[in-house]
Amino acid sequence: MDSELLTARLFFRAAFPVMKVPLRDDPSMRTAWESVTATVQFSADTGAPAAGGAPPAEGAPAAGGAPPAEGAPAAGGAPARIGACLRFDQGELTVSEQLCDAPDLTLHFKSVAAMNALLRGGVALPRFRGALKHPLLLVKTLKLLMALTLMLPRNRPKDPLRQYLKVKMSLYMITTALSVYNKLGDPVMSAWTKPQPDRIYQFTVEPWEPENGIAVFLRVKGGRTKAGRGVYTRRRPFVHFRFSSVEGAMKVLLKEVAFVEGVEKGYVAIDGSPEYSAQLNDFMAILQGLLT
Amino acid sequence: MSDGTGTTWTCYDAATMTAREIYGRVLAELSDTDPRVVGLTADLSKSTAIVNFEREHPDRFFNMGIAEQNLMGVAAGMAKVGLIPFASTFAAFASMRAAEQVRTDICYQNLPVKIIATHSGVSFGAAGTTHHCTEDLAIMRSFANMTVIVPADGTETANAVRAAMDIPGPVYIRIGRGFEPPFYDREDYGFAVGKAHKVHDGTDLTVIACGIGVLQAVEAARLLKEQDGLSVRVLNMHTIKPIDREAILSAITETRRILTVEEHNTLGGLGSAVADVIAESGKGCAFAKAGFPDVYSEVGYPEDLYAHYGLDANGIADRVRKLLKVEFEEDEEWEDEV
């Protein structure tokens, strides 16, 4: 798969869903969205020809009827347009990797690379459709997009809430990205997951407590993967990354200290296989390279 | 624990470190400090290594002749008057020929007779089925009041013999023929009756073993780590009764797959004791038992028999691979949580 296309799909499936974290845990964001019921589409042209020849019109379904299925080619090859549909229902967000049926607001990019550039925190101007009709929705959407940039390494929040959000969002995204990367068929990741029996790679930030604590896991079994939230209770983790605190996690995630140094200084402890934790770390580095 | 786990084993070790030899030595030590200790056998003084005790305390040693029922009956009588008898004979005779005396004379009265059963399992190899003993754990664990211990090697036998002194009731200690490679290299690793010893940690599967199976299971765990990248926990379940429920429950919840390894019929021994705990827990767990599959063993050298019945490291590794493929999990939801 083309690297930009792969990156876009990782953003759709691993980064966009993380918007749920500020929507739930950031009081100002929650208040802004709690009464919003709307559909927002992010889309980009891939450069591949559409079903009928010319590229589809902005905001229109790819082939004139229902939106194309996830990743489905427009005319037997690569899809002409890719996108993600964000549905807000009284502030509750669901994300699907497909074009919306009738979006209230569309942010459309001329190329996948341009969209990725913006999502990586760079500069790229999309075309807006529905902005005049829904100006407040546009403002709120851009604000929500800004919240995603909290995950970028250059972003070093000082206040505790934003630090908490950054660590939580980063761990949510990285575990989902690992799972999606495998599901999208990366050959190296597949070769890594396939021989493994049922295993849990658990991440927790101490002190962990069920309601507001930060805990995520990646489950691997015979080539299948799943990103999960909380502590997996059905078996002991094969590898357990235990961050000493939000601050400790920040230092490691922001690469203020190298991972090994983080272990030495007590910011993170690893229980379980050192070989597999190093291999997982390598995949995390690959994904970080793609997404930031 | 020995780093080589058997690979550095020599003939010298056989003479000094095996369960049988250490039993004889420790018994002699115990009797130096406790005048209640007496030793009995049924014409197997040398074979069961109680000869060490006989040499040092001939006045407290009693050879009952080839009469195992009498051996157990006399031991019960001695216990009744305040002595602590150690009765040594082959496992096949202790558990089957003298079963009624062990049950009625010793266990029923909860008397502190310590039965040291040597040449257990198929360790008597070429002597054949009459001298093999693959039923004793099933028999002994069904006798009320009885404590059943299967040490992994000579060092653990020393711990078990010493611990048996403090148990107020009967104890059955099951050991081999005297050619078992050492597993532990020191005695202070934390032996406690009724508490399994975790000798290799892992999360993919737990092997619960006893006796010679412990060393083989650890060899298998190392092999599986090197060849398959698998993480296998090994528990030395030296005490079959009372079984360590806590260690089994942890294995169920933490690894979800359990294989038992014993030099015994798969019916009634360690595997059955572990299965009881799994069933009573109500938790899901893939489970298999390695042992003699309800057959009388072939006759041959013990090492050949262990390999034939899959009780050596390679056999255990193959069973682990097979058990890991068993599908039982309810948790088959693979949608990412977002």
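Sequence lines set the chain letters: A, B, ... in the order given, protein chains first and strands last, and positions in each chain run from 1.
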Enquirer: If you round to the nearest 0.5 Å, how far is CZ of A:F217 from CD of B:E337?
Expert: 5.0 Å
Enquirer: For B:E333, which atoms come within 4.5 Å of any heavy atom of chain A: side chain, backbone, both, or neither?
Expert: both
Enquirer: Identify which part of A:Y276 has an atom lying under 4.5 Å from any heavy atom of chain B, answering side chain, backbone, both or neither.
Expert: side chain
Enquirer: Which atoms of A:Y172 are under 4.5 Å from chain B, going by heavy atoms: the side chain, the backbone, both sets, or neither?
Expert: neither
Enquirer: Kindly indicate, with the supporting measurements, whether the criterion salt bridge (charged side-chain N to carboxylate O under 4.0 Å, His left out) is fulfilled by B:D201 and A:R236.
Expert: CA-CA 11 Å; B:D201 204 3; A:R236 197 182 129 192; 3.2 Å; yes
Enquirer: For A:K20, is the NZ atom crowded, meaning more than 12 foreign heavy atoms sit under 6.0 Å from it?
Expert: yes
Enquirer: Side chain from CB out, backbone as N, CA, C, O: work out which of these in B:R233 comes under 4.5 Å of a heavy atom of chain A, or both, or neither.
Expert: side chain
Enquirer: With the threshold set at 4.0 Å, does a side-chain nitrogen-carboxylate oxygen contact exist between B:R256 and A:D198?
Expert: no
Enquirer: Under a 4.5 Å cutoff for heavy-atom pairs, which residue among A:T233, A:V18, A:T225 has the most contacts with chain B?
Expert: A:T225
Enquirer: Can you tell me how far CZ of A:R235 sits from OG1 of B:T255, rounded to the nearest 0.5 angstrom?
Expert: 7.0 Å
Enquirer: May I ask you to decide whether A:K221 forms a salt bridge with B:E327, counting only side-chain N to carboxylate O separations under 4.0 Å?
Expert: yes
Enquirer: Is it true that B:D336 and A:T176 share a donor-acceptor pair across their side chains at a distance under 3.5 Å?
Expert: no
Enquirer: So how far is it from B:K283 NZ to A:R234 CZ, rounded to the nearest 0.5 Å?
Expert: 10.0 Å
Enquirer: Drop me the distance from B:S231's OG to A:E275's CD, to the nearest 0.5 angstrom.
Expert: 10.5 Å
Enquirer: More than 12 foreign heavy atoms under 6.0 Å from CD of A:E92: is that the case here?
Expert: no
Enquirer: Write down the atom of B:T203, the atom of A:P237, and the distance for their closest heavy-atom approach.
Expert: CG2-O, 3.3 Å
Enquirer: For the atom pair CH2 (B:W334) and CZ (A:R224), what is the distance rounded to the nearest 0.5 Å?
Expert: 5.0 Å
Enquirer: Using a 4.5 Å cut-off on heavy atoms from C-beta on, say whether the side chain of A:R199 contacts that of B:L230.
Expert: yes
Enquirer: Quick check on B:E332: does its CD atom have over 12 non-hydrogen neighbours (other residues, nucleotides or ligands) under 6.0 Å away?
Expert: yes
